Amino acid sequence: MPGIVWVNKIPFITALCPVLSRRWEDRLALMRRPSGFGKTTFLSTSEFLHESANERPAAHVFGDHPSSLPPVRGDRLVLRVDVQEVFYDTGENMRRSVNEYMNMIYHDFFVRYAEELDLSDTAHLFHPTSRLTFDELVLLLPRSGHKLIILIDNFNWPLLTSTPENCVEISSFLRDCIIDPFRSALDDGYVVGGAIVGQPLEEEPTWVRSALLSQSLFDQIGCDISDEEQGAFGFTLSEVQALATEVLGESEGMKFVDEMKDAPNYCSGNNVEYSMRNTFERFSSFMGQKRPSYEWVDCGGNVRGRLVPPEEIFSI
């Protein structure tokens, strides 16, 4: 289909998946990146690759491109928590909103894995008014023969939006509803891996950084590997060059690369990474388009906006 370039990062994501299948000193891998680096898309892809219900990505999304397909079938139950949604209300109704959202997460988990967990004799778990807990989930794991992968998105979002007046209270809620229950499950061996993603330290408010709130909280369940060279987030300069050369040709591609060198970036180990969002926006502007046109697709076929299947896949 003319005018469409399909940038395939799935090989890098599948290469990073073993990180999720191990525990770092009995903790989960914690990775920080600014907005626009594909953290949520990475979690969605990881969720699809690991959970027991899925065998392969949808063929209509990835075609027959061999590097798009995960090497093994997933065999884990996946619990995913978006902390930004958990703490959508940090005002007077915070306690109620947090409890309601966590209850919904556990309810959806039981519905999704009813067969794996053999829930035929636990009808109360499916009742909309049931108050569910993480402890109930953990108690059902031994008889299912499955282990748990935990994926946490936007882990420090509540602290990013906190004030000096409410940051201590928010920290307390994070500890009660996420940190302590998950720490206990890690200690007991029910959780075999997972990932925690969120914003860099420098984006946290002064009162959060000075008190080391996010580190002191999430260090209990996460091991920060943000500075290790992962390759799954953003674009390296060599990837930008490959993309630009493929679409624009060598001469124009080098002009675009020179412009990208001054773009906001994130240093991961010895790699300099550029935001996917910023790269596409600059690429669109360089080509003279007034509005950038790009979409994020994860391994399960989820897409922001309408997916137009491409005729060709450009793998970087």
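Predicted model only: the values in this text are computed from it and were never measured.
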S.K.: Taking the side chain as everything from C-beta on, heavy atoms only, tell me whether Tyr274 gets closer than 4.5 Å to Val272.
M.R.: yes

S.K.: Examine the side chains of Arg282 and Asn278 and answer whether a donor and an acceptor come within less than 3.5 Å of each other.
M.R.: yes

S.K.: Here's a test for you: under side-chain contact (heavy atoms from CB on, under 4.5 Å), which of Asp224, Asp219, Leu201 qualifies with Ser214?
M.R.: Leu201

S.K.: Keeping the roles fixed (side chain from Thr161, backbone from Trp157), state whether a donor-acceptor pair exists under 3.5 Å.
M.R.: yes

S.K.: What's the spacing between Glu273 CD and Thr236 OG1 if we round to 0.5 Å?
M.R.: 8.0 Å

S.K.: For Lys39 and Pro34, indicate whether the former's side chain and the latter's backbone hold a donor-acceptor pair under 3.5 Å.
M.R.: yes

S.K.: Would a single hydrophobic cluster contain both Leu43 and Leu160, if residues Ile, Leu, Val, Met, Phe, Trp and Tyr are joined by side-chain heavy-atom contacts under 4.5 Å?
M.R.: no

S.K.: Mind running side-chain contact (heavy atoms from CB on, under 4.5 Å) on Phe37 and Val197 for me, showing each step along the way?
M.R.: CA-CA 11 Å; Phe37 274 71; Val197 300; over 6 Å; no

S.K.: Following the transitive rule for hydrophobic clusters with a side-chain heavy-atom cut-off under 4.5 Å over Ile, Leu, Val, Met, Phe, Trp and Tyr, establish whether Val191 and Leu139 coincide in one cluster.
M.R.: no

S.K.: Here's a test for you: under ring pair (Phe, Tyr, Trp, His ring centres under 6.0 Å), which of Phe134, Phe155, Phe218 qualifies with Phe182?
M.R.: Phe134

S.K.: I would like to know whether Ile149 and Leu77 meet side-chain contact (heavy atoms from CB on, under 4.5 Å); could you show each step before the answer?
M.R.: CA-CA 6 Å; Ile149 292 281; Leu77 307 186; over 6 Å; no

S.K.: Write down the atom of Ile170, the atom of Ser162, and the distance for their closest heavy-atom approach.
M.R.: CD1-CB, 3.8 Å

S.K.: Kindly indicate whether the side chain of Ser238, heavy atoms from C-beta on, has any atom under 4.5 Å from the side chain of Gln241.
M.R.: no

S.K.: What are the two closest heavy atoms between Val83 and Asn154, and how far apart are they?
M.R.: CB-O, 3.3 Å

S.K.: So, for Ile225 and Ala29, which heavy atoms are closest and what is the spacing to 0.1 Å?
M.R.: CD1-CB, 3.7 Å

S.K.: Are Arg32 and Glu204 within salt-bridge range, i.e. N to O under 4.0 Å?
M.R.: yes

S.K.: Kindly determine whether Glu85 and Asp153 satisfy side-chain contact (heavy atoms from CB on, under 4.5 Å), including the steps that lead there.
M.R.: CA-CA 9 Å; Glu85 295 187 18; Asp153 200 0; over 6 Å; no

S.K.: Any donor-acceptor pair under 3.5 Å linking the side chain of Glu246 with the backbone of Leu243?
M.R.: no

S.K.: If only side-chain N and O atoms count, and only distance matters, is there a donor-acceptor pair under 3.5 Å linking Asp187 with Ser184?
M.R.: no

S.K.: Taking all non-hydrogen atoms of both residues into account, name the closest pair between Pro142 and Tyr190 and its distance.
M.R.: CG-CE2, 3.6 Å

S.K.: I'd like to know whether Lys255 forms a salt bridge (charged side-chain N to carboxylate O under 4.0 Å, His left out) with Asp258, so could you lay out the CA-CA distance, the side-chain angles of the two residues, the decisive distance to 0.1 Å, and finally the verdict.
M.R.: CA-CA 5 Å; Lys255 290 181 182 179; Asp258 288 339; over 6 Å; no

S.K.: State the CG-CD1 distance between Leu137 and Ile105, to the nearest 0.5 angstrom.
M.R.: 11.0 Å

S.K.: Within the distance-only criterion (no hydrogens, no angle test), does the side chain of Asp262 pair as donor or acceptor with the backbone N or O of Glu259 below 3.5 angstrom?
M.R.: no

S.K.: Are Phe235 and Phe280, when compared by the centres of their aromatic rings, separated by less than 6.0 Å?
M.R.: yes

S.K.: Could you give the distance from CG (Leu217) to CG (Leu174), rounded to the nearest 0.5 Å?
M.R.: 6.0 Å

S.K.: Keeping the roles fixed (side chain from Tyr113, backbone from Asp108), state whether a donor-acceptor pair exists under 3.5 Å.
M.R.: no

S.K.: Around Glu202, counting heavy atoms of other residues, nucleotides and ligands shown, do more than 12 lie under 6.0 Å from its CD?
M.R.: yes

S.K.: A side-chain contact here means heavy atoms from C-beta on lying under 4.5 Å apart; do Val81 and Leu151 qualify?
M.R.: no

S.K.: Quick check for you: to the nearest 0.5 Å, what is the distance between Ser171 atom OG and Asn166 atom CG?
M.R.: 9.0 Å

S.K.: Are the side chain of Asn156 and the backbone of Gln199 linked by a donor-acceptor contact shorter than 3.5 Å?
M.R.: yes

S.K.: Compute whether any side-chain donor of one residue and acceptor of the other, for Trp207 and Thr163, lie under 3.5 angstrom apart.
M.R.: no

S.K.: I want to check something: taking the side chain as every heavy atom from C-beta on, are Phe283 and Met260 in contact at a cut-off of under 4.5 Å?
M.R.: no

S.K.: Any chance you could lay out the side-chain contact (heavy atoms from CB on, under 4.5 Å) test for Phe173 and Val86, step after step, and finish with the verdict?
M.R.: CA-CA 10 Å; Phe173 274 98; Val86 175; over 6 Å; no

S.K.: Which heavy atom in Ser35 sits nearest to a heavy atom in Ser275, and how many Å separate them?
M.R.: O-OG, 4.0 Å

S.K.: Check whether Arg27 reaches the backbone of Gly222 with its side chain - one donor and one acceptor, N or O, closer than 3.5 Å.
M.R.: yes

S.K.: Could you tell me if the side chain of Ile196 sits less than 4.5 Å from the side chain of Ile221, heavy atoms only?
M.R.: yes

S.K.: With distance as the sole test, does Ser97 use its side chain to make a donor-acceptor pair with the main-chain N or O of Met94 at under 3.5 Å?
M.R.: yes

S.K.: Do you know which two heavy atoms are closest between Gly253 and Leu248, and how far apart they sit?
M.R.: N-CB, 4.0 Å

S.K.: Just wondering, more than 12 heavy atoms not from Gln220 lying within 6.0 Å of its CD?
M.R.: yes

S.K.: Would you give the length of the straight line joining atom CG of Asp26 to atom CZ of Arg183, rounded to the nearest 0.5 angstrom?
M.R.: 6.0 Å

S.K.: Are Phe110 and Tyr106, when compared by the centres of their aromatic rings, separated by less than 6.0 Å?
M.R.: no

S.K.: Do Lys147 and Glu116 sit within salt-bridge range, that is, some charged N less than 4.0 Å from a carboxylate O?
M.R.: no

S.K.: In Å and rounded to the nearest 0.5 Å, what is the CE to OG1 distance from Met254 to Thr245?
M.R.: 7.0 Å

